[in-house]
Amino acid sequence: MKHEIIELNNVQIIGMARQIAMNKGPEECPKFWGEYVEKIVKPVFVEKKTPTPFQQAAIDNSVGEFGLCTCSHPEHNCMKCGTPACLVQSFTYVIGGAYRGGNVPEGMQLFTIPSGKWLKVHFVGGMAKFQEQYRLFYQWLKEHPEYECCTNGCCMEWYAGTDIQSPDYQCGVMIPIL
């Protein structure tokens, strides 16, 4: 799997957030992205309507560049858990972008990303291959103990470009590592 180590420092993500049941992520996250398209992409970029303050904040901060998965349970490590009896029932999923300042409209929030080293894994093949590659990433991670995820670490999906159906579309996952 193509990967690299990057440094993130003092990054804040602005975006729309939703609580999602752990066992519903593969269905609910894409559904949430569909709502994002209907609320921001379609009216502004397809129908060419004047952006509302909410849509303008999304445009100004590249909301849609990241999908952030966070766990609110203290000292939990979702990346390693895998325990059927886990007390964590849901996670917060954020469709976001790097906050560049300005208005944080109602319906959006700011999330602080831990500074430090991050493992950035690259996927190719468009969104049709994303879920499959995401599952393979978790298997790959188990086989590479040198990349230990931080406790309370979040996971960030990253997306580059707009043609999500292209076989050359670039996206992937980033996790904070020790």
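Since the model is a prediction, treat every value here as computed from it, not as a measurement. Positions are given from 1, in the same order as the sequence printed here.
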| query | Where do M16 and I40 land on the side chain to side chain contact (heavy atoms under 4.5 Å, CB included) test, with the steps shown first? | reply | CA-CA 11 Å; M16 309 178 314; I40 298 169; 4.2 Å; yes

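- Heavy atoms of other residues, nucleotides or ligands lying less than 6.0 angstrom from CD of E106 number 12 at most.
- The CZ atom of F111 sits 10.0 Å away from the CD1 atom of I13 when rounded to the nearest 0.5 Å.
- Nearest heavy-atom pair across F123 and M1 is CE2-SD, 4.5 Å.
- The CD atom of E28 sits 12.0 Å away from atom CD of Q19, with the distance rounded to the nearest 0.5 Å.
- For the pair Q133/C171, no side-chain contact is recorded, criterion being any heavy-atom separation below 4.5 Å from C-beta on.
- Taking NZ of K39 as the reference point, atom CZ of F54 lies at 4.0 Å (rounded to 0.5 Å).
- Atom-to-atom distance recorded for C150:SG and I177:CD1 is 7.5 Å, nearest 0.5 angstrom.
- The minimum heavy-atom distance between C154 and P176, with the atom names listed, is O-CD, 2.9 Å.
- The NZ atom of K42 sits 8.5 Å away from the NZ atom of K49 when rounded to the nearest 0.5 Å.
- Nearest approach of I20 to C29, heavy atoms of both residues: CD1-SG, 3.7 Å.
- Looking at heavy atoms from C-beta onward, V11 lies out of side-chain contact with S115 at the 4.5 angstrom threshold.
- Interatomic distance, NZ of K117 versus CG of L8, reported as 13.0 Å (0.5 Å rounding).
- The two atoms that bring E65 and A98 nearest to each other are OE1-N, 4.3 Å, heavy atoms only.
- For T92 against A17, the heavy-atom pair with the smallest separation is CG2-CB, 4.0 Å.
- Evaluation of the salt bridge (Lys or Arg N to Asp or Glu O under 4.0 Å) rule for R18 yields E35 as partners, not counting sequence neighbours.
- Hydrophobic clustering keeps L68 apart from L141 (ILVMFWY residues linked when any side-chain heavy atoms are closer than 4.5 Å, directly or through intermediates).
- For the 3.5 Å distance criterion, the side chains of W140 and Y147 fail to qualify, holding no donor opposite an acceptor.
- You'll find the side chain of P167 stays beyond 4.5 Å of the side chain of K129, heavy atoms only.
- You'll find the side chain of I59 reaches within 4.5 Å of the side chain of F45, heavy atoms only.
- Hydrophobic cluster membership is shared by L110 and I95, with clusters built from Ile, Leu, Val, Met, Phe, Trp and Tyr side chains linked at under 4.5 angstrom.
- With a 6.0 Å radius and a threshold of 12 heavy atoms from other residues, nucleotides or ligands, K120 has its NZ atom above the threshold.
- Across all non-hydrogen atoms, the minimal contact from N9 to G116 is OD1-N, 4.3 Å.
- Residues satisfying the side chain to side chain donor-acceptor pair (under 3.5 Å) test with E132, not counting sequence neighbours, are none.
- At a threshold of 4.5 Å between non-hydrogen side-chain atoms, the residues S62 and R100 count as touching.
- A ring pair (Phe, Tyr, Trp, His ring centres under 6.0 Å) with F130 is found for exactly one of F137, W33, W158, Y159, namely Y159.
- Partner of I113 under the side-chain contact (heavy atoms from CB on, under 4.5 Å) criterion, chosen from M156, Q12, M174: M156.
- Remark: of the listed residues I6, V173, I175, I175 is the sole one forming a side-chain contact (heavy atoms from CB on, under 4.5 Å) with L119.
- Taking Ile, Leu, Val, Met, Phe, Trp and Tyr as hydrophobic and joining them when side-chain heavy atoms fall under 4.5 Å apart, one finds V46 isolated, its cluster having no other members.
- Using a 4.5 Å heavy-atom threshold, the side chains of F66 and V94 count as separate.
- Proximity of the aromatic rings of Y134 and Y138 is defined here by a centroid distance below 6.0 angstrom, and this criterion is met.
- Both V121 and I5 are part of a single hydrophobic cluster, where members link through side-chain heavy atoms under 4.5 Å apart.
- At a threshold of 4.5 Å between non-hydrogen side-chain atoms, the residues M108 and Y99 do not count as touching.
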| query | Given the rule in the ring-ring contact (aromatic ring centres under 6.0 Å, His included) test, do H3 and W118 qualify, once you have shown the distances and angles that lead to the verdict? | reply | CA-CA 10 Å; H3 62 283; W118 285 66; over 10 Å; no

